[in-house]
Participant: 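I'd like to ask some things about the structure below.
Heavy-atom basis, side chains included; hydrogens, waters and symmetry copies ignored. Small disclaimer: the values here were computed from a predicted structure and weren't measured.
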Amino acid sequence: MNLDPCIISVAITGSGTTREQHPDLPCTPEQIATSAIEAWNAGASIAHIHVREANGTPVHNMDYYGEIVERVSGVTDMVLNLTTGGAIGMSEAQRIETLGFEPELASLDAGSMNFGEGVFINSPDFLRELARGFLQYNVRPELEIFDEGMIGNCLRLADEGLIEPPFWWQFVLGVRGGAPATPKTLLHLVECLPVGSQWSAIGLGRGQLQMNTMAILLGGHVRTGMEDNVFYRRGELATSNAQLVERCAHLIRELGREVATPADARMTLGLKGALGNPAAGSFSS
Ligand code: ZN
């Protein structure tokens, strides 16, 4: 079993969580960057980034991404993972555009599904186009898996030479329309992965703590943050993304593993920052 240092990803704000759900949800580029930096101080090595207007509306604004990249990379060695999932309703062209920042990581949502009350479309042709974008900009995909069929979608992309190992999988469990956040589901999905894979688990809402703990025990990695859950415990809002990260770091240490540094994460995931890039943790453009 892989008991290497455990990578904590923090998903700062996402596109689905609302200010009504959490009054301090980070929304402006400055708030998002500040929250990422606090989370890094608490033990997160990867920040997953979406952008919003100050009023909380999810948007596609390259200037906002640019500002966040600059702010976070200016004071931390954090790995940045920009979304290509965007928000429901964004065009495919917009979603691919974030790869132009040449981040070390970006999300690749590996199939279509009902997503709450919406429909999240990732057609086979779009997945190929997206994967070509990752190759073009030398970005490692984080393969977002919402149900078992999406693993097969990724393995087909691999057969076609459009994604390359080492594979980094993120199980996103508990979305209404996707696989549930249960221990059995997670165990089964992990068993479906090809040898040599690295993986992480997310549980939405109340599933967050349970899936994070399971992942630590099983030798995987964890993602926490307000994109996925705003509560610290039932009925009690988390005070910040950093508080959620701190709990993961505590659990990781209590369960006998170490918390991965950004350098550990780069090594484990084969990111370009680990390959002698002097700008490790930042971007080449
Ligand atoms: Zn996201």
Participant: Applying side-chain contact (heavy atoms from CB on, under 4.5 Å) between Leu105 and each of Leu80, Leu271, Leu82, report the one that passes.
Facilitator: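 When side-chain contact (heavy atoms from CB on, under 4.5 Å) is applied between Leu105 and each of Leu80, Leu271, Leu82, only Leu271 qualifies.
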Participant: Do Leu173 and Leu189 come close enough that some side-chain heavy atom pair is under 4.5 Å?
Facilitator: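 They are in contact (side-chain heavy atoms under 4.5 Å apart), so the answer is yes.
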Participant: Determine yes or no for a side-chain-to-main-chain donor-acceptor pair under 3.5 angstrom, with Asn241 supplying the side chain and Ala36 the backbone.
Facilitator: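 No.
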Participant: Which heavy atom of Thr83 sits nearest to which heavy atom of Gly85, and what is that distance?
Facilitator: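 Taking Thr83 first and Gly85 second, the nearest heavy atoms are OG1-N, 2.8 Å.
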Participant: Just by modelled atom types, is the Gln31 backbone N or O under 3.5 Å from a matching donor or acceptor in the Ser35 side chain?
Facilitator: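 Here the side-chain-to-backbone pair does not exist.
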Participant: Would you please test Arg140 and Glu104 for salt bridge (Lys or Arg N to Asp or Glu O under 4.0 Å) and show each step?
Facilitator: CA-CA 6 Å; Arg140 170 83 58 201; Glu104 290 181 84; over 6 Å; no
Participant: Are Val245 and Val230 connected, step by step, through hydrophobic side chains (Ile, Leu, Val, Met, Phe, Trp, Tyr) whose heavy atoms are closer than 4.5 Å?
Facilitator: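 Val245 and Val230: separate clusters.
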Participant: Could you pull out all residues at least two apart from Asp147 that satisfy side chain to side chain donor-acceptor pair (under 3.5 Å)?
Facilitator: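 Result, side chain to side chain donor-acceptor pair (under 3.5 Å) vs Asp147: none returned.
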Participant: Do side-chain atoms of Gln94 reach the backbone of Ser91 as a donor and acceptor pair under 3.5 angstrom?
Facilitator: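 Checked: pair present.
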Participant: Might you point out which heavy atoms bring Ala42 and Ala249 nearest each other, and give the distance in Å?
Facilitator: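 Nearest heavy atoms, Ala42 then Ala249: O-CB, 3.8 Å.
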Participant: What pair of heavy atoms forms the shortest contact from Ile151 to Cys192, and how long is it?
Facilitator: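 Ile151 and Cys192 have their closest heavy atoms at CD1-CB, 3.8 Å.
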Participant: Is Phe126 reachable from Leu155 through a run of hydrophobic residues whose side-chain heavy atoms are each under 4.5 Å from the next?
Facilitator: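 Yes; Phe126 is reachable from Leu155 via cluster members.
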Participant: Within a strict 4.5 Å, meaning less than it, do heavy atoms of the Ser240 and Asp24 side chains meet?
Facilitator: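 Counting from C-beta outward, Ser240 and Asp24 never come under 4.5 Å.
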Participant: At what distance, to the nearest 0.5 angstrom, does CD1 of Ile216 lie from CG of Leu251?
Facilitator: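 The distance works out to 5.0 Å.
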Participant: Kindly indicate, with the supporting measurements, whether the criterion side-chain contact (heavy atoms from CB on, under 4.5 Å) is fulfilled by Trp199 and Leu186.
Facilitator: CA-CA 11 Å; Trp199 61 272; Leu186 181 59; 4.0 Å; yes
Participant: With sequence neighbours left out, which residue pairs that include part of residues 175-186 fulfil the side chain to side chain donor-acceptor pair (under 3.5 Å) condition?
Facilitator: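 For residues 175-186, and leaving out neighbouring residues, the side chain to side chain donor-acceptor pair (under 3.5 Å) pairs sorted by first residue read Glu117-Arg176, Thr182-Thr185.
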Participant: Report the C-alpha distance between Leu244 and Arg247 in whole Å, list the side-chain angles of each, state the deciding distance to 0.1 Å, and finish with yes or no for side-chain contact (heavy atoms from CB on, under 4.5 Å).
Facilitator: CA-CA 5 Å; Leu244 295 167; Arg247 177 162 63 183; 4.0 Å; yes
Participant: Going by the salt bridge (charged side-chain N to carboxylate O under 4.0 Å, His left out) test, which pairs reach into residues 57-76, not counting sequence neighbours?
Facilitator: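 Residue pairs passing salt bridge (charged side-chain N to carboxylate O under 4.0 Å, His left out), neighbours aside: Glu67-Arg71.
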Participant: Between Gln170 and Ser200, does a side-chain hydrogen bond (donor to acceptor under 3.5 Å, both in side chains) hold up when you go through it step by step?
Facilitator: CA-CA 5 Å; Gln170 184 73 261; Ser200 172; 2.7 Å; yes
Participant: Do any pairs count as a ring-ring contact (aromatic ring centres under 6.0 Å, His included) and have a residue in residues 42-85, sequence neighbours left out, and if so which ones?
Facilitator: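 Residue pairs passing ring-ring contact (aromatic ring centres under 6.0 Å, His included), neighbours aside: His48-His50.
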Participant: Measuring from atom CD1 of Ile68 to atom CD1 of Ile37, what distance do you get when rounded to the nearest 0.5 angstrom?
Facilitator: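 Ile68 CD1 to Ile37 CD1: 10.5 Å, rounded to 0.5 Å.
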Participant: Name all residues meeting the ring-ring contact (aromatic ring centres under 6.0 Å, His included) criterion together with Phe120; count only those two or more places apart in sequence or in a different chain, and write none if there are none.
Facilitator: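 Phe115.
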Participant: First locate atom OG of Ser45, then atom CG of Asp264, and finally report the distance between them rounded to the nearest 0.5 Å.
Facilitator: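 One finds 7.5 Å between OG of Ser45 and CG of Asp264.
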Participant: Once side-chain contact (heavy atoms from CB on, under 4.5 Å) is applied, do any residues pair with Phe134, and if so which ones, sequence neighbours excluded?
Facilitator: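 With sequence neighbours excluded, Phe134 shows a side-chain contact (heavy atoms from CB on, under 4.5 Å) to Thr84, Leu99, Ala106, Leu108, Leu130, Val139, Pro141, given in chain and number order.
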Participant: CE/Met150 to CG/Asn122 distance, rounded to the nearest 0.5 angstrom?
Facilitator: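 If we round to the nearest 0.5 Å, Met150:CE and Asn122:CG are 7.0 Å apart.
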Participant: In plain terms, say whether Glu258 and Arg253 are close enough for a salt bridge, that is, a side-chain N and a carboxylate O under 4.0 Å apart.
Facilitator: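 Looking at Arg253 together with Glu258, the answer is no, because their closest N to O distance does not fall below 4.0 Å.
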Participant: Could you check whether any side-chain heavy atom of Glu102 comes within less than 4.5 Å of a side-chain heavy atom of Lys272, counting everything from C-beta outward?
Facilitator: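 SC-SC contact between Glu102 and Lys272 confirmed.
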Participant: Taking all non-hydrogen atoms of both residues, which atom of Val259 and which atom of Gly43 are closest, and how far apart?
Facilitator: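 In this case the closest contact between Val259 and Gly43 is CG1-O, 3.4 Å.
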Participant: Is there any salt bridge (charged side-chain N to carboxylate O under 4.0 Å, His left out) pair reaching into residues 152-166, and which pairs are they, with sequence neighbours excluded?
Facilitator: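 Sorted pair list: Arg128-Glu160.
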Participant: Taking the basic N atoms (NZ, or NE/NH1/NH2) and the acidic carboxylate oxygens, is any pair closer than 4.0 Å for Arg95 and Glu92?
Facilitator: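 A salt bridge is absent here (no side-chain N lies under 4.0 Å from a carboxylate O).
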Participant: State, to 0.1 Å, how close Ala215 and Arg257 come at their nearest heavy-atom pair, and which atoms those are.
Facilitator: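 Of all heavy-atom pairs spanning Ala215 and Arg257, the closest is O-NH1, 3.8 Å.
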Participant: Which residue pairs pass the ring-ring contact (aromatic ring centres under 6.0 Å, His included) test with at least one member in residues 245-272, sequence neighbours excluded?
Facilitator: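 The answer is none; no pair qualifies.
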Participant: Kindly compute the distance separating CD (Gln243) from CD (Glu38), expressed to the nearest 0.5 Å.
Facilitator: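 Interatomic distance, Gln243 CD to Glu38 CD, rounded to 0.5 Å: 11.5 Å.
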Participant: Under a 4.5 Å cut-off applied to non-hydrogen side-chain atoms, are Thr213 and Leu255 in contact?
Facilitator: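 Of all side-chain heavy-atom pairs linking Leu255 with Thr213, at least one is under 4.5 Å.
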Participant: Between Arg132 and Leu162, is any pair of side-chain heavy atoms under 4.5 Å apart?
Facilitator: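 Result yes, sub-4.5 Å side-chain heavy-atom pair found.
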Participant: Can you tell me how far CD of Glu53 sits from OG1 of Thr28, rounded to the nearest 0.5 angstrom?
Facilitator: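 Those atoms lie 10.5 Å apart.
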Participant: Could you identify which residues cluster with Ile121, counting Ile, Leu, Val, Met, Phe, Trp and Tyr as linked when any side-chain heavy atoms lie under 4.5 Å apart, either directly or through a chain of such contacts?
Facilitator: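 The other cluster members (ILVMFWY side chains, heavy atoms under 4.5 Å, direct or chained) are Val119.
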Participant: Using modelled atom types and a 3.5 Å cut-off, is there a donor and acceptor pairing between side-chain atoms of Glu129 and backbone atoms of Asp125?
Facilitator: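 A pair under 3.5 Å: no.
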Participant: Are there more than 12 heavy atoms of other residues, nucleotides or ligands under 6.0 Å from atom CZ of Arg19?
Facilitator: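 Yes - once you tally the heavy atoms of other residues, nucleotides and ligands closer than 6.0 Å, there are more than 12.
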Participant: State, without any angle test, whether Trp168 and Gln198 hold a side-chain donor-acceptor pair at a distance under 3.5 Å.
Facilitator: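 Distance-only check fails for Trp168 and Gln198.
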Participant: Below 4.5 Å, heavy atoms only, C-beta onward: do Asn81 and Ser107 meet side chain to side chain?
Facilitator: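 Asn81 vs Ser107: side chains touch.
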Participant: Run the side-chain hydrogen bond (donor to acceptor under 3.5 Å, both in side chains) check on Thr57 and Asn55 step by step: do they pass?
Facilitator: CA-CA 6 Å; Thr57 307; Asn55 67 7; 2.7 Å; yes
Participant: Check whether any side-chain N or O of Asn212 sits under 3.5 Å from a backbone N or O of Arg223 as a donor-acceptor pair, and report yes or no.
Facilitator: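 Such a contact is found between Asn212 side chain and Arg223 backbone.
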Participant: Would you check if Phe231 and Gln208 make a side-chain contact, meaning some heavy-atom pair closer than 4.5 Å?
Facilitator: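 With C-beta onward as the side chain, the pair stays apart.
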Participant: Which side-chain N or O atoms in residues 6-18 pair as donor and acceptor under 3.5 Å with protein atoms at least two apart or in another chain?
Facilitator:
unit_1	atom_1	unit_2	atom_2	d
Thr13	OG1	Pro26	O	2.7
Thr13	OG1	Arg52	NE	3.0
Ser15	OG	Gly86	O	3.2
Thr17	OG1	Met226	O	2.7
Thr17	OG1	Glu227	O	3.3
Thr18	OG1	Glu20	N	3.4
Thr18	OG1	Gln21	N	3.1
Thr18	OG1	Gln21	OE1	3.4

Participant: Minimum heavy-atom separation for Pro262 to Val79, with atom names?
Facilitator: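 Minimum heavy-atom contact is O-CG2, 4.3 Å.
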Participant: Taking ring-ring contact (aromatic ring centres under 6.0 Å, His included) as the definition, give me every residue that meets it alongside Trp169, ordered by chain and number, with sequence neighbours left out.
Facilitator: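 Trp169 satisfies ring-ring contact (aromatic ring centres under 6.0 Å, His included) with Phe167 only.
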Participant: Who pairs with Leu204 by side-chain contact (heavy atoms from CB on, under 4.5 Å), at least two apart in sequence or on another chain?
Facilitator: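 Here the qualifying residues are Val172, Val175, Ile202, Asp228.
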